[in-house]
A.B. asks: 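Sharing a structure here in structure tokens format.
FYI, side chains are in, hydrogens and waters are out, and symmetry mates aren't considered; it's all heavy atoms of this structure.
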Amino acid sequence: MATDPVPQIAEAIRLWSGVTCPNAAGKRGLEDFCALIKDFEAQRGTLVFEDEPSTFEAALRAEAESEA
């Protein structure tokens, strides 16, 4: 993120809920949120859902194969 998004996030929260950032702990929480977004952005393009079947789908396949 090129600019600090914390003020924009705090303003969006204030507009939607009427709650202003109450203290330093609240601001640190917003900064943690920004770090989480960066972590997700770093994963973009590296995760492929279709590489392995989901656990539920795998269980269905295993059950179907054992009955056949």
A.B. asks: Taking the side chain as every heavy atom from C-beta outward, state whether Cys34 and Ile9 have any pair of such atoms under 4.5 Å apart.
C.D. replies: yes
A.B. asks: Mind checking what makes side chain to side chain donor-acceptor pair (under 3.5 Å) contact with Glu11, not counting sequence neighbours?
C.D. replies: Arg14
A.B. asks: Quick test of your reading: applying side chain to side chain donor-acceptor pair (under 3.5 Å), list the pairs with at least one residue in residues 16-32, sequence neighbours left out, ordered by first then second residue.
C.D. replies: none
A.B. asks: On a heavy-atom basis, which atom in Val19 and which in Ile13 lie closest, and how many Å separate them?
C.D. replies: O-CG2, 3.8 Å
A.B. asks: To which residues is Phe40 joined in a hydrophobic cluster, defined by side-chain heavy-atom contacts under 4.5 Å among Ile, Leu, Val, Met, Phe, Trp and Tyr, whether direct or through other members?
C.D. replies: Leu36
